[in-house]
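Structure first, commentary second.
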Amino acid sequence: MPTLKSLISGRRRNVNTELTPAPSFPSSSPGYRKLDVAQEQIRVLDVQPGRLDSPLCCNLRVVALLSTPVPQYETLSYTWGDARSTLPIQLEGETKFVTTNLAVALRHLRDPYTVKVLWVDAVCINQDDLDERSQQVQLMRRIYSIGHAVIVWTGPLHKSMPPTREAFWTGDIRDEGLLRTFWDSFRGGDIDENFDATFHAFAFVRICADKHVWDHPAYQNMSGPGFTYPVPFGAYQRRIKEALEPFAKSAWWLRLWTIQEAVLPPTITFVYGPVAMSYQMLMGSASGLTHHKTSCCASAFSQAYYDLRVCLQYLHANFNSLHEYRRERSIDHRSNLWKLLKDFRHRHATDDRDKIYGVLGLVTAWYGEPIIPDYTMSTEEVYIRATTSFTLDTKSLFAMHGAMEPNKYPNLPSWVMDWTNPAVPLGLSTAKGTPRSTLKYGATGESEASICMISERTMALEGIRCGLIRAVGRPMTDCVSSAAIRTQVDWFLLAGMDKDPDRFYVAGGTCREAYWRTLCGDVMTLNRIEEVRRATADDYDAFVEYFLASRDSPFNEDGLAPRYRTEWLRDSRFGQFGKLTDGLFTARASHFSTSTQANGLDRSLFITEEGYMGLGPTRTRVGDEVWCLFGGRTPFVLRRNGHEDYLIEGEDNKELHYMIGDTYVHGLMDSEIMNLGPQHREWVYLV
């Protein structure tokens, strides 16, 4: 493992970031001579030694990945930042302007005594040569796998924070000295408005690995004899949150390219200003807190300072998505393109084509010909070809599960995902594999998709029309606010839960059961993201406890009027758990809450003419149709576009439809429609 000294040099905290306009480093310079593709040549950056504030001098050197022994270098994972904000470096004796974030990172990471060898994409690839960009992107997997370590630069210490000590948190016994310093700081009895909040914040992250919530000084007020906070407890909590937030919400966690940059190398070290931390430290923190907050400490955690809880959960959710892929690669798990695209669609890329190209290095299972990066193609061409080839190769509609709403490319066919739409916001737990637990369903069993490509933009699919939507509720755009309560109340009343909730449901059982199972998508998310199972009858108790505890429940004091609750309060289990617990979650209530957020966010409750209850895209409207399309895991909401077209020679005009998106429909998720005869099957034409 690299030492802190090898990662961070110099002790000055402030780096001059004044912008100086100058011409870019010319791509015709000797540093950018043509690379030998056959030898898998790349360039590495030799960062010359120096102090933090001395001129930044670098040289490019060509190495071959196929050489023996393999070249020795570290990779740098960072975000480019604002392309208009630049600083000069000396490259091959000439001035080159790079983004401010990169220049600051190189200054912090260079060694004061020896040359540091890095691979840095913005400098080592000739960004003006589209052919070279395409060729080097194909080598990304090998570049990051061969590099002996990756340094993740998340940014400099935030300017609002007082200076902090250099620290390298390892997540093991080597942290004992740092932890002793942390605990000793409470025993001096001194008040210090300028205490080192950054040091305390990362000590806070570290002790989440092995402390109960009630033993944690940032969660529980431990003031008393021999224990004094440097500032009042409430102010202390706010300062910890403010110190941690720049790291937890660094743009690095939201960039697409950074995921493969952090998954492929054997060793990772995270650096935030003068603070470094190992991958193992963050992993221990995330797993430790997840265990405590969903079991022994569920109640205590639900009462802790809200903003600090959200900040830490955001960090852990980001880290967990990274950790899951590193774990899967360690057991040779096979990852297909569409799983990767959906898992990381919330991440940003400067070039929209990189929403596809940026994950190719992680694909280990191709069902047809691999996609070759080609920066001469338009973004729409890249998206259409990727969707078409994946759908035809797999004979499944997996590529159509997820948010289909257009964003930057409204002219895409409705059956092609616009990957610039971020879908479910990061920070919410979603089920392993795809958003909204798609893999847990089998609406059309193990059927293969019946597909006919009419043109590059028109796809015909075979399926069964299951219903016509007659009522649609408010969209759930926020899970934890007064708007969420209003939406929950709207859904409760739309589903008729205030009037005889135990009436017969169209697919069997009661409407009460259909309602609570629809809210959670009929799945339960347990201690970790990947622990997802279908709901059982026993999970009704988890629903009851959630309803009584959640501040966004319709049973909250700001929710339903008492007269609408009467039928539910007749259920003995509502009385069994006593009066409203106002946010004090049990472990199983927490599980139900997580499932409800993952499956209900950016959804609207709807009712069909036939009596089916479901959760569909927020674009769903009255008159839309519910279809089960063969090869699909869930039903889909489709919309007639009001036009017909002559598509197939010798046949009549065909009615055209738009794909609105996938949906949960209670009673149609487990092959129920497959019992219908072939006379119910028909082709639908999507444009």
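Every heavy atom of this structure was used, including side-chain atoms; hydrogens, water molecules and symmetry mates were not.
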Gap separating the CH2 atom of Trp491 from the OG1 atom of Thr518, nearest 0.5 angstrom: 10.0 Å

Partner set under side-chain hydrogen bond (donor to acceptor under 3.5 Å, both in side chains) for Trp568, not counting sequence neighbours: none

Lys/Arg-Asp/Glu bridge criterion (N-O < 4.0 Å) met for Arg640, Glu625: yes

Residue pair Lys249, Tyr314: steps toward the side chain to side chain contact (heavy atoms under 4.5 Å, CB included) verdict: CA-CA 8 Å; Lys249 297 191 175 180; Tyr314 192 90; 3.8 Å; yes

Output field: ring centroids Phe543/Tyr540 closer than 6.0 Å: yes

More than 12 heavy atoms of other groups within 6.0 Å of Glu446 CD: no

CA sep, side-chain torsions, deciding dist, call: Arg486, Asp478, salt bridge (Lys or Arg N to Asp or Glu O under 4.0 Å): CA-CA 11 Å; Arg486 290 194 295 272; Asp478 184 345; over 6 Å; no

is_close_aromatic(Phe547, Phe592), centroid dist under 6.0 Å: no

Carboxylate-amine/guanidinium proximity below 4.0 Å for Asp418 and Lys355: no

Neighbour count above 12 (heavy atom, 6.0 Å) for Arg621 CZ: no

Leu519 side, atom CG; Tyr546 side, atom OH - distance, nearest 0.5 Å: 7.0 Å

Reported CE-to-CG distance for the pair Met400 and Leu629, which is rounded to 0.5 angstrom: 8.0 Å

Side chain Ser414, main chain Tyr658, donor-acceptor under 3.5 Å: no

Polar side chain donor-acceptor pair, Thr536 to Asp538, under 3.5 angstrom: no

Distance flag, aromatic centroids of Phe204 and Tyr219, threshold under 6.0 Å: yes

Lys/Arg N to Asp/Glu carboxylate O, Arg238 vs Glu242, below 4.0 Å: no

Separation between CZ of Arg603 and OG1 of Thr620, rounded to the nearest 0.5 Å: 7.5 Å

Rounded distance (nearest 0.5 Å) linking atom SG of Cys296 with atom NE2 of His291: 5.0 Å

Interatomic spacing from CG in Leu397 to SG in Cys628 - rounded to 0.5 Å: 11.0 Å

Aromatic contact, Phe186 with Tyr229 (centres under 6.0 Å): yes

